[in-house]
Protein chains: 2
Amino acid sequence: MSVTIKDVAREANVSVATVSRALNGHENVAEEVRKRVLGVADRLRYSPHHAARSLSSRRTQTIGVVLPDLYGEFFSELMRGIDQVARERGLHLLVSSYHGNPEEQGAALRAMRGRVDGLLVMSPFVGERGFLEQSLSAALPAVLINSGAAEGHRTLNVDSYGGALSMMQHLLQGGHRRIAFIAGPDDNHDARERLRGYRDALERALPGTAPWVLQGDFDEASGHRAGGELLRAAQRPDAVFAANDMMALGCLFAFNQAGVAVPGQIALAGFDDIPLARYVHPGLTTMRVDIADLGGRALRALLDGNGGDPAPGPRLMVRESSGASPEAAR
Amino acid sequence: MSVTIKDVAREANVSVATVSRALNGHENVAEEVRKRVLGVADRLRYSPHHAARSLSSRRTQTIGVVLPDLYGEFFSELMRGIDQVARERGLHLLVSSYHGNPEEQGAALRAMRGRVDGLLVMSPFVGERGFLEQSLSAALPAVLINSGAAEGHRTLNVDSYGGALSMMQHLLQGGHRRIAFIAGPDDNHDARERLRGYRDALERALPGTAPWVLQGDFDEASGHRAGGELLRAAQRPDAVFAANDMMALGCLFAFNQAGVAVPGQIALAGFDDIPLARYVHPGLTTMRVDIADLGGRALRALLDGNGGDPAPGPRLMVRESSGASPEAAR
DNA sequence: CTGAAAGCGCTTACAG
DNA sequence: CTGAAAGCGCTTACAG
């Protein structure tokens, strides 16, 4: 059917061993022979059969990427960073998503056996750790991304807690006191860390103040709902801190629709710094997380066998939406 | 190192052939033996070595996905649709992006040999067709997505031309006459089709009217720039039709920043119906393209060997941004 | 229903 | 520098 190493060997009048050496750039091949082999391979449009190669070489040149989902702003950016490093190193990416289902995650992880040289796994669902550890073979190097701590595995996390503290500090410095928080899914590692940052910062700055937390699930629609809810409150907040930008945008649109001025009447802040954050009106103040960089670092950590440089912390991006509150402006 | 079929065979006191049959669900295995084998495999946490399996069975259970990029709203949605069908069929996805580089595309396509059972390729760059056709082996079934026509290969395209006609009809019916168009990259298949739709509709409805086209590149920043440019025009347009939503949003933000009312002073429309389109204020009128569905259809077409149901045409989503112009309101 | 054996297309010591 | 041969871990006719 398709052309194999044997065909090349026959045409070039050498053994398959020599063809293999020539193609793989080994030193021990006469220059003239190498050229001939490469010429024939090219003419025959030969391309090595991957499964055969990886079966005998024990290497796949492929990295497995197991994520909760393959789409959405976050995963998409993560893939971009991973993809870039993979290309630099000539690696392929075998992707798999498990949609938050622990069993599927286990299956996905196990199915990677013999298909990849290493694994990049993101498992932000707090409840899934048992399955995770169990399905991660010690034989396959793995790096966990944004999945909290994990014994025996390298990890790389966004500092969501520290980021939330920074944002709260910014809002408090702006004079805001009644700060509501739109939380992410409560089984999500980052969502929890951001909520913890909000609570701790509040407790530290204004001891005794009751946290004001609305439940969201990281998408615009839930931010939109939370925004509406806040507008109906007996006493409105000075500021709203959403656990991610998508919810902040949903909230912003709810405020816009209601004719509530941001930041004039209510200040608003998000987390992530998605591209749209700077284009909405007013520009959204947020914590910049370099997600693509996180993905790239994770892959490099996997390949280079080190722990990976710790990911740099999120950076505060001050835009108009958090502008000084009326009180602070006095 | 890791456990192989031999280990299972030894433990279960059968031959590797029997283990193979039991594991693959073949009929010709005694029930009692099957159970024993499955039990042992489970206990040993055996998982078949993929490369070995696909080398001998000639099947990889993997579909190659070659896209211009792996990130961004469009690809992300496409992956979602592909991923969903892949999961239903128990298939893995080997992804590769080529960043608009024809040579890289060729390399990516060739590197898929022996790794996948079929290929899903998106190649919207008009100039790359030669490379594409050349790197597509006849041995490997392939479906081209949004890549225009291709001899000898199945294709699935969004009807961008028809969609642009529909949107223009909507704007014209709203009474708009001076309609500017923000075009996408000129080497992009969809961008060209949408531009062609704009021109044809204009010529048909208002023969002799000069098209008003601004160059964009499908991202918010270029839409933002185009919006600014339109505001500086001696005579502003009645309506702006952007070749995709991201540019329409960039344009909307430019208008918002300048205090120009949409649709009061200028109507605005986009194309794609990305999730944000309904959340911005005013809601963005656009053509809905079900991208995830497109991806799913493409994979089904590949697997089921048929041409695939033709993708349903884009649907007009009327929201506030295209509201009747002052003239039409009279 | 089961096993021995060939074979998938490569890579890699081992000799020379 | 080169080749013959073993081996990677499976699947699948072929016998029985």
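Owing to the predicted nature of the structure, the values given are computational and were not obtained by experimental measurement. Proteins come first, then strands; the chains are lettered A, B, ... in the order of their sequence lines, and each starts at number 1.
For Asn24(A) and dT11(C), the shortest distance from a side-chain N or O to OP1 or OP2 is below 4.0 Å. At dG9(C), none of the side-chain N or O atoms of Arg53(A) fall inside 4.0 Å of OP1 or OP2 (strictly under the cut-off). Side-chain nitrogen and oxygen atoms of Ser20(A) include at least one within less than 4.0 Å of the OP1 or OP2 phosphate oxygen of dT11(C).
In summary, Lys35(B) and Glu32(B) do not engage in a salt bridge, as defined by a charged side-chain N under 4.0 Å from a carboxylate O. Salt bridge absent: Arg21(B) and Glu27(B) never bring a charged side-chain N and a carboxylate O closer than 4.0 Å. Contact check on Arg58(B) versus Asp117(B) returns no salt bridge, with no Lys/Arg side-chain nitrogen under 4.0 Å from an Asp/Glu carboxylate oxygen. Using a 4.0 Å cut-off between charged side-chain N and carboxylate O, Asp83(B) and Arg80(B) make no salt bridge.
Nucleotide dC1(D) has dG16(C) as its partner under the Watson-Crick or G-U criteria, with both atom distances under 3.5 Å.
Comparing the C1' positions of dG16(D) and dT12(D) gives a spacing of 16 Å, expressed to the nearest Å.
When each of dA5(D), dG3(C), dC10(C) is scored by its nearest atom to the side-chain atoms of Ala17(A), the top-ranked nucleotide is dA5(D). Taking every side-chain heavy atom of Thr4(B) into account, dC10(D) is the closest of dG3(D), dC10(D), dG9(C). With distances taken from any side-chain atom of Ser15(A) to the nucleotides dG3(D), dT2(D), dT11(D), the minimum falls on dG3(D). Among the nucleotides dT2(C), dT12(C), dG9(C), the one closest to the side chain of His26(A) is dT12(C). Nearest nucleotide to the side chain of Ser56(A), out of dC8(D), dA4(C), dG9(D): dC8(D). Comparing dT12(C), dG3(C), dG9(C) by their nearest atom to the side chain of Arg58(B) picks out dG9(C). With distances taken from any side-chain atom of Arg21(A) to the nucleotides dC14(C), dG9(D), dG9(C), the minimum falls on dC14(C).
If you check every strand for non-hydrogen atoms under 4.0 Å, Thr18(A) touches sugar and phosphate atoms only.
What separates CZ of Arg115(B) from C1' of dG9(C) is a distance of 15 Å, to the nearest Å. Computed from coordinates, the Gln61(B) CD to dT11(D) C1' distance equals 13 Å when rounded to whole Å. His50(A) has its NE2 atom 11 Å from the P atom of dT11(C), to the nearest Å. Across the protein-nucleic acid pair, Arg10(A) atom CZ and dG3(D) atom P stand 15 Å apart, rounded to whole Å. One atom, CG of Asn28(A), and another, P of dA13(C), lie 11 Å apart when rounded to the nearest Å. In this structure, the CD1 atom of Ile5(A) is 14 Å from the P atom of dC8(C), given to the nearest Å. If you measure from atom CD of Glu31(B) to atom C1' of dT2(C), you get 16 Å, rounded to the nearest angstrom. For Leu55(B) and dC8(D), the CG to P distance is 13 Å, given to the nearest whole Å.
Judged purely by atom type and a 3.5 angstrom limit, Arg192(B) uses its side chain to pair as donor or acceptor with the backbone of Asp186(B).
Across the interface with DNA chain C, nearest-nucleotide mapping of Tyr46(A) and Val33(B) shows Val33(B) to be the residue nearer the 5′ end.
The minimum heavy-atom distance linking Tyr46(B) with Ile5(B) is given by the pair CE1-N, 3.5 Å.
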